[in-house]
Peer 1: 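I'd like to ask some things about the structure below.
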Amino acid sequence: MSSSLSISVPLCCLLALAGCVAQPAAIEVAADPHANPWSHLRVNDQPEQFHFAIVSDRTGGHRPGVFPTALGKLNPLQPAFVMSVGDLIEGYTEDEAQLDKEWDEIDGFVAQLEMPFFYVPGNHDISNEVMLKKWNERMGRHYYHFLYRDVLFLVLYTGGDETSVITPDQIKYAQQVLKDNPEVRWTFVFMHKPLWEYTDEDAKDTHWDEVEALLQGRPYTVFTGHFHQYKKAKRHDHDYYILATTGGGSGLTGAPFGQFDHIAWVTMTDAGPVVTNIGLEGLYPDTVRTEQSAEWIDPLRDNMKLYYEPMLVDGSTVGELKTQIRLSNQADLPMQVKGSFDAHAQVRPDPWALDVVVEPKSEKVIPLTITTEKPILFQNFQPLIMHATFHYEPKEGPALETTQKLTFGVERRLTVPKSDAPVVLDGKLDDWDAAKLIACDKPALIRLGKDAWKGKDDCRFRFGLKRDDRFVYLMIETFDDKVVLREDSKEWPQDMVEIRLDAREAYARRALGRGLSEYLLGFMVTPGESLEKPGLTMIYREEPPEGMQTVCVKTDTGLVVESAIPVAFLDRIQGKPWESFRLHVIVDDYDGEEDSGSQLWWRPLWMGNDSFPGSGMFLRGD
């Protein structure tokens, strides 16, 4: 007799599974009383045993192709069903057509499965009332439960970006569900955010402790995602999992560091669940990264550092370059570094390869010279690529090794000159010398619809900077064959300009991570209700720095944005009169409602492998 999913959906028949006690099929074979060519005949195929799969975060910087590839591997494995832990679409919009487009894509991926797929909402899936309404229209509810073979599956929603909470209605729902199912043989909880990981200040209002109190006294396991980094933990003597990614943004440093693409595979046995991880390139046990191993592995990961001093050039050509490769090892173990440059048609690096050991708590500096047969136009210079392997041999446990792609790029020596006259933020270009503006006719990176951008006649931009004693001024002008704006000036998608600025000191700008809202400045700008009130959306922080001013106007050819960033903000971040900062300018271009849009990035993505020291760096000019 086949088992059925028992789902708490109105008008759905709940099939009673109790009493369906089938015996496992026996292997029929002629056995010799003395010896046989098998270990035993206790078949690992019990009636109460079943398998299900879990996919993790697809978005938050999704890498195309990974998620559908992972789903394609599931049909041959034949799990009973597939769970998720949220963040399936990019979301963060109130445009219903865009949401339908993104959900249609996911549903198309899911349609290839031969077994049920259960949706769990993440912050990318529901982050505003329109997205919640769209979810409820398409999925029915954002928290629910079902039963299968006397096992309870409870799905909860942990909120968008601004709120991380189990709401009172969900707590009441969970309380009733658990009360109605007191004797199930196991309970699984699925939600997006691992609320138990939040700091005391952030966790005090999540109400996760109330859910945990309801779960006490029964066997249970919790599965989450959100952090894009795998970790298994023990709480109250129960297993809690944070899954890595199934196509979401990741450094992919390797399984021991918790950054890998995978499908979690759960076998429900009479004694409880057995969890393993099907990496898209192999199998990993569920203990591949635990709280205990993270305590000593994470510092090693954080101390695997190879960087070089920025290579800045004056003028329009690149000749001989000199820099220093710095290998830093602040761990308590020796770090072996092996690396080599890929073949390059334009330049010759010396040394071409590395094979060194950096002793604990030390640093090695290796001079690097890059020569060319003849000068290369700056815009034609192709970065050098090095693949480096970092290796540690711990006293206990397996060796740790990760391979990283490193980009050696060249940047112009860019400065912020002092203004000879007052700068007025009025959306006009009277204050700006066109000859000194930086043009972006060929973006370093195109995101969203790469094929949607048809070249510089479709959209391009230029920008400039200058300063006085109070402000650093930034102007961006776009040239767009069709300007698409929305009534709600802050709503996406529409044509807009994005500015991102990292004011930390140069050594600290080499990496980005979570929790940097205190240091980073990022905002999106569109024309608003007036010159003084543009459509301004902050990215990293909730409010702009005190004293910041921004205007945006629509012109006959596109948009003009002017912004005044307080010098006091830059000085405070650097703890002294500012010396440099890192800047990124991004333009979002749409040509109509059916257009997928394109994001034109002046320089490579800061967190991507194509970024490099000095990329987008501006020095304080005279």
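Residue indices begin at 1 and follow the sequence shown. The figures here come from the full heavy-atom set of this structure, side chains too, leaving out hydrogens, waters and symmetry mates.
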Peer 1: Under the side chain to side chain donor-acceptor pair (under 3.5 Å) rule, collect the residues that match up with Thr389, sequence neighbours excluded.
Peer 2: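 Counting only residues at least two positions away or on another chain, Thr389 forms a side chain to side chain donor-acceptor pair (under 3.5 Å) with Thr403.
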Peer 1: Do Ile54 and Val85 have side chains that get closer than 4.5 Å, going by heavy atoms?
Peer 2: yes
Peer 1: Assess whether a salt bridge exists between Glu498 and Arg500, defined as any Lys/Arg side-chain N lying under 4.0 Å from an Asp/Glu carboxylate O.
Peer 2: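 Yes, this pair counts.
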Peer 1: How close do Asp481 and Asp457 get, counting heavy atoms only, and between which atoms?
Peer 2: CB-O, 3.6 Å
Peer 1: Within a strict 4.5 Å, meaning less than it, do heavy atoms of the Leu536 and Met538 side chains meet?
Peer 2: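 In contact.
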Peer 1: Side chains of Val560 and Leu429: closer than 4.5 Å at any heavy-atom pair?
Peer 2: yes
Peer 1: Donor-acceptor pair, His584 side chain versus Arg603 backbone, under 3.5 Å?
Peer 2: yes
Peer 1: For Thr550, is there any backbone N or O sitting under 3.5 Å from a side-chain donor or acceptor partner on Glu562?
Peer 2: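 No.
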Peer 1: Could you tell me whether the side chain of Ser328 and the main chain of Leu306 form a donor-acceptor pair under 3.5 Å?
Peer 2: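 No, because the side chain of Ser328 does not come within donor-acceptor range (under 3.5 Å) of the backbone of Leu306.
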Peer 1: Is there a donor-acceptor pair under 3.5 Å between the side chain of Arg582 and the backbone N or O of Ser615?
Peer 2: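 Yes, the answer is positive, given that a donor and an acceptor are paired below the 3.5 Å cut-off.
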Peer 1: Kindly check if the number of other-residue, nucleotide or ligand heavy atoms within 6.0 Å of NZ (Lys405) is above 12?
Peer 2: yes
Peer 1: With rounding to the nearest 0.5 angstrom, report the CZ to CG distance, Phe618 to Leu583.
Peer 2: 5.5 Å
Peer 1: Check for a donor-acceptor pair, side chain of Thr478 on one end and backbone N or O of Asp480 on the other, with a separation under 3.5 Å.
Peer 2: no
Peer 1: Should Ser563 and Ile499 count as side-chain neighbours, where that means a heavy-atom distance under 4.5 Å?
Peer 2: no
Peer 1: As an exercise, state the distance from CD of Gln494 to OH of Tyr590, rounded to the nearest 0.5 Å.
Peer 2: 9.5 Å
Peer 1: Compare every heavy atom of Pro527 with every heavy atom of Cys552, then report the nearest pair and how far apart it is.
Peer 2: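 Residues Cys552 and Pro527, closest heavy atoms: SG-N, 3.4 Å.
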Peer 1: Check the pair Tyr119, Leu88 against side-chain contact (heavy atoms from CB on, under 4.5 Å), reporting the backbone distance first and the verdict last.
Peer 2: CA-CA 9 Å; Tyr119 294 79; Leu88 295 171; 3.6 Å; yes
Peer 1: Could you state the interatomic distance from CD1 (Ile242) to NE2 (His228), rounded to the nearest 0.5 Å?
Peer 2: 11.5 Å
Peer 1: Relative to each other, are the rings of Phe67 and Phe117 parallel, tilted or perpendicular (30° and 60° limits)?
Peer 2: perpendicular
Peer 1: Are any of the side-chain nitrogens in Lys428 or Asp430 under 4.0 Å away from the carboxylate oxygens of its partner?
Peer 2: no
Peer 1: Listing request: all side-chain hydrogen bond (donor to acceptor under 3.5 Å, both in side chains) pairs with a residue in residues 369-383, at least two apart in sequence or in separate chains.
Peer 2: Lys322-Thr369
Peer 1: As an exercise, state the distance from NZ of Lys134 to CE of Met131, rounded to the nearest 0.5 Å.
Peer 2: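 If I round to the nearest 0.5 Å, the distance is 11.0 Å.
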Peer 1: Between Leu465 and Val472, is a side-chain contact (heavy atoms from CB on, under 4.5 Å) present by the stated rule, with each step listed?
Peer 2: CA-CA 7 Å; Leu465 295 98; Val472 168; 4.1 Å; yes
Peer 1: Please report the shortest heavy-atom distance between Gly160 and Ser164, naming the atom on each side.
Peer 2: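 So the two residues come closest at O-OG, 4.3 Å.
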Peer 1: How long is the gap from CZ on Phe227 to NZ on Lys193, to the nearest 0.5 Å?
Peer 2: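 Answer rounded to 0.5 Å: 9.0 Å.
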Peer 1: Closer than 3.5 angstrom, by distance alone: can the side chain of Asn75 be matched with the main-chain N or O of Gln112 as a donor-acceptor pair?
Peer 2: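 Yes; judged by distance alone, with no hydrogens or angles, the pair exists.
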Peer 1: Would you say Asp589's side chain and Cys459's backbone share a donor-acceptor pair under 3.5 angstrom?
Peer 2: no
Peer 1: Are Tyr230 and His262 an aromatic pair, judged by ring center distance below 6.0 Å?
Peer 2: yes
Peer 1: Please tell me whether His226 and Asn123 have a donor and an acceptor in their side chains that are separated by less than 3.5 angstrom.
Peer 2: yes
Peer 1: Quick one: list whatever passes side chain to side chain donor-acceptor pair (under 3.5 Å) with Gln324, sequence neighbours left out.
Peer 2: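 Scan of Gln324 (side chain to side chain donor-acceptor pair (under 3.5 Å), adjacent residues dropped) gives Arg326.
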Peer 1: Pairs in or reaching into residues 86-95: which pass salt bridge (Lys or Arg N to Asp or Glu O under 4.0 Å), with residues at least two apart or in two chains?
Peer 2: Asp95-Arg486
Peer 1: Is the number of heavy atoms from other residues, nucleotides or ligands within 6.0 Å of CD (Glu281) greater than 12?
Peer 2: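 Enclosed.
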Peer 1: Can you tell if the side chain of Leu414 reaches within under 4.5 Å of the side chain of Met617, non-hydrogen atoms only?
Peer 2: no
Peer 1: Run the numbers on Leu521 and Ile565 for side-chain contact (heavy atoms from CB on, under 4.5 Å), then give the verdict.
Peer 2: CA-CA 10 Å; Leu521 176 62; Ile565 300 168; 4.0 Å; yes
Peer 1: Could you tell me whether a side-chain N or O of Thr407 sits under 3.5 Å from a main-chain N or O of Pro383, the two making a donor and an acceptor?
Peer 2: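 Not at all, since once roles are kept as given, no pair shorter than 3.5 Å links the two residues.
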Peer 1: Taking the six-membered ring of Phe378, is the NZ or CZ of Arg412 close enough (under 6.0 Å from the centre) and on axis enough (within 45°)?
Peer 2: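 Yes.
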Peer 1: Using a strict cut-off of less than 4.0 Å between a Lys/Arg side-chain nitrogen and an Asp/Glu carboxylate oxygen, indicate whether Glu105 and Lys101 qualify as a salt bridge.
Peer 2: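 Answer for the salt bridge query: no.
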Peer 1: Can you label the angle between the Tyr308 ring and the Phe408 ring as parallel, tilted or perpendicular, going by 30° and 60°?
Peer 2: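 Taking Phe408 first and then Tyr308, their aromatic rings lie parallel (interplane angle under 30°).
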Peer 1: Are Leu570 and Leu501 close enough that some pair of their side-chain heavy atoms sits under 4.5 Å apart?
Peer 2: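 In contact.
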Peer 1: Determine whether the aromatic ring centres of Phe463 and Trp602 lie less than 6.0 Å apart.
Peer 2: yes
Peer 1: So, taking the atom named CD1 in Ile263 and the one named CG in Leu280, what distance separates them when rounded to the nearest 0.5 Å?
Peer 2: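 The CG atom of Leu280 is 6.0 Å from CD1 of Ile263, to the nearest 0.5 Å.
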Peer 1: Given 3.5 Å as the limit, does a donor-acceptor pair link the side chain of Thr317 with the main chain of Ile376, or not?
Peer 2: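 Not at all, since once roles are kept as given, no pair shorter than 3.5 Å links the two residues.
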Peer 1: Just by distance, no angles: are the side chains of Asp261 and Thr246 close enough, under 3.5 Å, to form a donor-acceptor pair?
Peer 2: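 Asp261 vs Thr246: no donor-acceptor pair found between side chains.
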Peer 1: Side chains of Trp601 and Gln599 only: does a donor on one sit below 3.5 Å from an acceptor on the other?
Peer 2: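 Result is yes, a qualifying pair exists.
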Peer 1: Between Asp458 (side chain) and Lys454 (backbone), is there a donor-acceptor pair under 3.5 Å?
Peer 2: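 Answer holds: yes.
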Peer 1: List the residues meeting ring pair (Phe, Tyr, Trp, His ring centres under 6.0 Å) with Phe461, not counting sequence neighbours, and say none if there are none.
Peer 2: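 Result, ring pair (Phe, Tyr, Trp, His ring centres under 6.0 Å) vs Phe461: none returned.
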Peer 1: Between Asp107 and Arg138, is there a salt bridge with N-O shorter than 4.0 Å?
Peer 2: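 A salt bridge links Arg138 with Asp107.
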Peer 1: Could you walk me through whether Thr59 and His62 pass side-chain contact (heavy atoms from CB on, under 4.5 Å), step by step?
Peer 2: CA-CA 4 Å; Thr59 51; His62 83 276; 4.3 Å; yes
Peer 1: Between Gly547 and Pro566, what is the shortest heavy-atom contact and its length?
Peer 2: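 In this case the closest contact between Gly547 and Pro566 is C-CG, 3.7 Å.
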Peer 1: Would you please classify the geometry between the Tyr473 ring and the Phe471 ring as parallel, tilted or perpendicular, with 30° and 60° separating the classes?
Peer 2: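 The rings of Phe471 and Tyr473 sit tilted, inter-plane angle from 30° to 60°.
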Peer 1: Could you check if a side-chain atom of Val561 sits within less than 4.5 angstrom of a side-chain atom of Val551, using non-hydrogen atoms only?
Peer 2: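 No. Closest side-chain heavy atoms not under 4.5 Å.
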Peer 1: Does atom CD of Glu320 have more than 12 heavy-atom neighbours, drawn from other residues, nucleotides or ligands, at distances under 6.0 Å?
Peer 2: yes
Peer 1: Taking the six-membered ring of Trp432 as reference, does the cationic atom of Lys466 (NZ for Lys, CZ for Arg) lie under 6.0 Å from its centre and within 45° of its axis?
Peer 2: yes
Peer 1: Output yes when Arg462 and Glu477 qualify as a salt bridge under the 4.0 Å nitrogen-oxygen rule, no when they do not.
Peer 2: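 Salt bridge between Arg462 and Glu477, a charged N being under 4.0 Å from a carboxylate O: yes.
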Peer 1: Any side-chain donor-acceptor pair under 3.5 Å between Gln259 and Thr253?
Peer 2: yes
Peer 1: With sequence neighbours excluded, tell me which residues meet side chain to side chain contact (heavy atoms under 4.5 Å, CB included) with Ser340.
Peer 2: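 Once residues adjacent in sequence are excluded, the partners of Ser340 under the side chain to side chain contact (heavy atoms under 4.5 Å, CB included) criterion are Trp352, Ala353.
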Peer 1: Using the six-membered ring wherever Trp is involved, compare the ring planes of Tyr92 and His124 and label them parallel, tilted or perpendicular (cut-offs 30° and 60°).
Peer 2: perpendicular
